[in-house]
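Okay, structure first, notes after.
One is the number of the first residue; the rest follow in order along the sequence. What's counted below: heavy atoms across the whole structure, side chains too, no hydrogens, waters or symmetry copies. Note that the structure is predicted; figures quoted are calculated from it, not measured.
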Amino acid sequence: MLKTLGVVGSALVLSGPRGLAEAMAPAATTSQDTERGTTTGEIPKRALGKTGVEVSVLCFGGAHWSRMNSEAEAMRVIHEAIDAGVTFLDNAWEYSGGRAEEWMGKALQGRRQQVFLMTKVCSHGRDKKVAMQQLEESLRRLRTDYLDLWQIHEVIYDDDPDRHFAPGGAVEALLEAKRQGKVRFIGFTGHKDPTIHLKMLAYDFPFDTCQLPLNVFDSTYRSFEQDVLPVLNQRGIAPLAMKTMSGNGAPIRQGIITAEEALRYVLSLPVASIVSGIDSREVLQQNLDIVRRFTPMTAAEMQTLRIRVARYAMDGRFELFKSSNRYDGRIGREQHGLL
């Protein structure tokens with residue numbers, strides 16, 4: 001049966017100092033650039049949970065970006081994003097074998113203070129020593145002496161929470177990095193199963209952020225929106241949405257939903273930001289245009305969209321990251337003996 005959590009109910013537990021209406025308001029002024037056919041205006045910002053920091057509602061994803069064929073074009077795309085007002089940048093130690101961090105470090109020379117920089121530790125159950133070594137490698141590649149946000153990457157196996165919280169595990173590395181002043185805020189990510197997220201949260205650890213898959217199909221199938229998002233907002237942990245377009249854009253290409261419906265639906269949930277995979281100037285401009293003219297969906301609009309896509313959602317065909325290993329990283333699989 002289709003679940004029915006909407007933006008109205010979620011609004012009651014929206015974290016941060018502002019209410020839902022203010023947090024989700026569109027940019028105050030927008031105009032059409034008729035020559036380029038794009039929307040101009042401010043990129044909205046939202047509170048990052050209880051941190052006291054605001055970030056752009058669009059977070060520039062590092063994974064897809066690092067797969068671009070041309071480094072020069074990759075630099076142009078990320079600089080255009082920053083110049084447009086995207087302040088939140090995503091990365092991970094293992095993306096493209098470190099190239100994502102290397103490119104981003106190069107791109108941020110002279111611009112580091114303009115952005116909120118996040119990367120992820122990819123210890124995948126190994127100990128604090130491995131995690132701290134990865135932190136130093138990330139800082140070196142990113143050409144910075146601190147991170148704004150450091151998250152445990154890809155918590156997707158049933159035993160991952162116990163591994164990370166074991167004595168000498170990755171969670172101790174998060175705390176040590178904060179103590180050393182090398183990391184401002186800490187969190188974790190995962191895309192597999194809401195119960196694994198809830199197991200991480202059951203440790204009652206003071207995470208600042210949590211990254212989770214949210215899209216128009218999710219409420220029907222192994223729903224993070226239903227089971228995890230309310231917990232995050234109740235505790236003031238900033239939700240960072242990902243897989244908004246199903247990880248590969250398939251439902252957009254097949255005409256099931258539009259890119260605007262995909263982004264607008266998730267932005268109408270109580271999330272701090274959407275981590276969006278960007279691998280071209282065209283995708284960047286599309287997403288900039290959508291967030292600049294964003295207005296929240298009503299609860300009725302959201303429910304209508306859920307019902308419209310329910311028959312495509314029930315078998316998880318557009319959320320294969322939940323039910324297959326297609327989106328699971330090689331290093332994590334190696335650490336769990338699955339290669």
Side-chain angles (χ1 to χ4, degrees), residues 30 32-44 55-120 122 137-144 147-149 153 189 211 240-253 258-260 262-263 273-294 326-327 329-330:
T30 62
Q32 291 296 319
D33 182 330
T34 56
E35 185 173 326
R36 294 171 60 189
T38 61
T39 305
T40 59
E42 296 295 322
I43 303 301
V55 294
S56 57
V57 298
L58 184 65
C59 175
F60 191 99
H64 291 76
W65 172 74
S66 66
R67 300 171 196 150
M68 293 181 67
N69 293 326
S70 165
E71 179 181 340
E73 181 62 15
M75 295 298 142
R76 283 191 288 270
V77 169
I78 196 170
H79 287 160
E80 183 172 340
I82 296 169
D83 291 342
V86 175
T87 61
F88 192 4
L89 304 184
D90 156 84
N91 220 309
W93 176 88
E94 69 184 40
Y95 287 166
S96 297
R99 184 168 77 171
E101 290 184 337
E102 290 171 355
W103 278 9
M104 196 166 282
K106 184 175 181 179
L108 288 179
Q109 293 306 287
R111 297 172 180 254
R112 174 67 182 90
Q113 298 308 311
Q114 295 177 243
V115 302
F116 185 93
L117 181 60
M118 176 257 283
T119 198
K120 309 180 194 81
C122 304
E137 292 169 356
S138 290
L139 292 172
R140 174 181 53 78
R141 290 193 291 239
L142 290 164
R143 305 187 189 188
T144 185
L147 300 172
D148 294 294
L149 174 61
H153 184 49
T189 84
Q211 194 166 320
L240 305 178
M242 62 176 169
K243 305 290 191 288
T244 305
M245 299 189 189
S246 299
N248 59 9
I252 289 88
R253 291 194 302 274
T258 66
E260 181 146 10
L263 288 175
S273 189
I274 289 177
V275 181
S276 179
I278 295 171
D279 60 3
S280 70
R281 186 181 180 277
E282 290 72 26
V283 171
L284 171 63
Q285 195 59 60
Q286 165 194 270
N287 292 356
L288 290 174
D289 289 347
I290 291 169
V291 300
R292 281 168 170 156
R293 63 176 176 257
F294 167 72
R326 193 171 301 181
Y327 291 79
R330 176 186 58 81

Do [X] and [Y] have side-chain heavy atoms sitting under 4.5 Å apart?
{"X": "N248", "Y": "Y327", "value": "yes"}
{"X": "L142", "Y": "L117", "value": "yes"}
{"X": "R111", "Y": "H79", "value": "yes"}

So which heavy atom on [X] is nearest to which on [Y], and how close?
{"X": "M245", "Y": "N287", "value": "CE-OD1, 3.9 Å"}
{"X": "S66", "Y": "A63", "value": "OG-O, 2.8 Å"}
{"X": "S273", "Y": "V55", "value": "CB-CG2, 4.2 Å"}
{"X": "C122", "Y": "E94", "value": "CB-OE1, 3.2 Å"}
{"X": "V86", "Y": "I43", "value": "N-CG1, 4.5 Å"}
{"X": "I274", "Y": "L263", "value": "CD1-O, 3.8 Å"}

Let me know which of R143, K106, R141, R140 forms a side-chain hydrogen bond (donor to acceptor under 3.5 Å, both in side chains) with E101.
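Among R143, K106, R141, R140, the one that satisfies the side-chain hydrogen bond (donor to acceptor under 3.5 Å, both in side chains) with E101 is R141.
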
Taking the basic N atoms (NZ, or NE/NH1/NH2) and the acidic carboxylate oxygens, is any pair closer than 4.0 Å for E102 and R99?
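Answer for the salt bridge query: no.
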
Among L149, T189, D90, the one residue meeting side-chain contact (heavy atoms from CB on, under 4.5 Å) with L240
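Running side-chain contact (heavy atoms from CB on, under 4.5 Å) over L149, T189, D90 with L240 returns exactly one hit, L149.
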
Tell me the salt bridge (charged side-chain N to carboxylate O under 4.0 Å, His left out) pairs involving residues 57-68, sequence neighbours left out?
none

Sequence neighbours excluded, which residues qualify as side-chain contact (heavy atoms from CB on, under 4.5 Å) partners of E260?
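Partners of E260 by the side-chain contact (heavy atoms from CB on, under 4.5 Å) criterion, ordered by chain and then number, come out as T258, I290, R293.
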
N69 atom CG, over 12 foreign heavy atoms within 6.0 Å
no

About how many Å separate [atom2] of [Y] and [atom1] of [X], when rounded to the nearest 0.5 Å?
{"X": "T244", "Y": "I252", "atom1": "OG1", "atom2": "CD1", "value": "9.5 Å"}
{"X": "M104", "Y": "M75", "atom1": "CE", "atom2": "CE", "value": "9.0 Å"}
{"X": "S138", "Y": "M118", "atom1": "OG", "atom2": "CE", "value": "12.0 Å"}
{"X": "S276", "Y": "L284", "atom1": "OG", "atom2": "CG", "value": "8.5 Å"}

Do side-chain atoms of S56 reach the backbone of T87 as a donor and acceptor pair under 3.5 angstrom?
yes

Quick one, Y95 with T119, criterion side-chain contact (heavy atoms from CB on, under 4.5 Å). Give me CA distance, side-chain angles, the key distance, then yes/no.
CA-CA 10 Å; Y95 287 166; T119 198; over 6 Å; no

Could you give me the CA-CA distance, side-chain angles and deciding distance for D148 and V115, then say whether side-chain contact (heavy atoms from CB on, under 4.5 Å) is met?
CA-CA 9 Å; D148 294 294; V115 302; 5.5 Å; no

Please name all residues satisfying ring-ring contact (aromatic ring centres under 6.0 Å, His included) with W103, sequence neighbours left out, ordered by chain then number.
W65

